Colleague: 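Next up is a structure, given as structure tokens.
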Amino acid sequence: MTHRIKVAGLQPVQVLAGLAGIAFIVFGVVGFTRTGVGDWAAQSFVLGFSVNPLHNLVMVAVGVLGLLTALGSGTARLYGWLLFAGFGALFVWDLMITGILARNPAQEYGNPLAVNANDNWLHLGLALFGLLLAVMPARRKLVEDEVPVVPEPRSEAFRDERDDTPRVEQVDPAVSTRSGNAITEPLPTHHREPVTQEQAVVDPKTERVSKDKIKH
């Protein structure tokens, strides 16, 4: 019997990816209630984090992606790598925007997401969370392959029923005669030729010779 290892059911990484997707969507929707959707230059705060409509839209899109990738363990880990790369790069850009890093090569783009110092550390935490999802081990289980069922050999009676080849049964030569490959029925009693006394057969019950069969 062979053994193999397979992924066992719903994985923790899928659960975390789904929960993260819901959290992102909720955060984005709450942000839209503060900034509205008509003025993209509007800025507000949610739990101390600076948001604007574009920031909220990014959060909702990341949340929907999390729900979709939570359907499989492999795609959930891919989602983790995307979070790590995306928010890691955003964290570095946040440091440049807020002046923690002196040089900002993207200074001409301004601050499109309206980030503040609190957003910097939030994005760092999200990048580390994505890395956790990406490297989270899978829960696996050992599976035993079933032994293949070998069909039982067919009996002689079943084989004879399914076999279309003609069968030749053993018959008593005293009752039937063989002519070539065909079997003929025994001749009637009145057509049998009489036999000599030497050819007569003694009846084992009476130990007598049938006289009517002796040829005179």
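From a predicted model like this one, the values you see are computed outputs, not experimental measurements.
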Colleague: Compute whether any side-chain donor of one residue and acceptor of the other, for Q43 and T35, lie under 3.5 angstrom apart.
Modeller: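 There is no such pair (donor and acceptor under 3.5 Å, judged by atom type) between the side chains of Q43 and T35.
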Colleague: Below 3.5 Å, can you tabulate the donor-acceptor pairs from side chains in residues 21-34 to any protein atom, sequence neighbours excluded?
Modeller:
| residue | atom | partner | partner atom | Å |
| --- | --- | --- | --- | --- |
| T33 | OG1 | V30 | O | 2.4 |
| R34 | NH1 | F45 | O | 2.7 |

Colleague: Got a sec, which hydrophobics cluster with L71, joining ILVMFWY side chains under 4.5 Å apart, including via others?
Modeller: none
Colleague: Verify, without hydrogens or angle tests, whether Y79 (side chain) and L67 (backbone) share a donor-acceptor contact under 3.5 angstrom.
Modeller: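 Such a contact is absent between Y79 side chain and L67 backbone.
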Colleague: Is there a path of hydrophobic side-chain contacts, each under 4.5 Å between heavy atoms of I, L, V, M, F, W or Y residues, that connects V58 with V37?
Modeller: yes
Colleague: What about L54 and M59, same hydrophobic cluster or not, with Ile/Leu/Val/Met/Phe/Trp/Tyr joined at side-chain heavy-atom distances under 4.5 Å?
Modeller: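 Per the 4.5 Å side-chain linkage, L54 and M59 are co-clustered.
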Colleague: Could you check whether any side-chain N or O of S50 sits under 3.5 Å from a backbone N or O of A114, counting only pairs where one atom can act as donor and the other as acceptor?
Modeller: yes
Colleague: Within a strict 4.5 Å, meaning less than it, do heavy atoms of the L126 and L83 side chains meet?
Modeller: no
Colleague: Please list all pairs passing the side-chain hydrogen bond (donor to acceptor under 3.5 Å, both in side chains) test where one or both residues lie in residues 117-134, with sequence neighbours left out.
Modeller: D94-H123, T98-N120
Colleague: Give the cluster check for L131 versus L122: same hydrophobic cluster or not, with ILVMFWY residues linked at side-chain heavy-atom distances below 4.5 Å.
Modeller: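 Looking at the clustering, L122 is in a separate group from L131.
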Colleague: Verify the cluster assignment for V51 and V64: are they in a single hydrophobic cluster under the rule of side-chain heavy atoms below 4.5 Å apart?
Modeller: yes
Colleague: Is atom CZ of F91 surrounded by more than 12 heavy atoms (other residues, nucleotides or ligands) closer than 6.0 Å?
Modeller: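 It does: F91 CZ has more than 12 such atoms within range.
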Colleague: Would you check if the side chain of Q11 reaches a backbone N or O of S73 as a donor-acceptor pair within less than 3.5 Å?
Modeller: no
Colleague: Any heavy-atom pair between the side chains of L132 and F84 that's under 4.5 Å?
Modeller: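 No, too far: nothing below the 4.5 Å cut-off.
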Colleague: Of L124, L95, L113, which is the lone residue that meets side chain to side chain contact (heavy atoms under 4.5 Å, CB included) with L90?
Modeller: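 Only one of L124, L95, L113 forms a side chain to side chain contact (heavy atoms under 4.5 Å, CB included) with L90, namely L113.
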Colleague: Taking the side chain from T75 and the backbone from T69, do they hold a donor-acceptor pair closer than 3.5 Å?
Modeller: yes
Colleague: Could you measure the distance from the CG atom of L133 to the CG atom of L16? Nearest 0.5 Å is fine.
Modeller: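 It is 5.5 Å, given to the nearest 0.5 Å.
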Colleague: Hey, is the main chain of M136 close enough, under 3.5 Å, to the side chain of R77 for a donor-acceptor pair?
Modeller: yes
Colleague: Identify the heavy atoms of A17 and A76 that sit nearest to each other, and give their distance.
Modeller: CB-CB, 4.0 Å
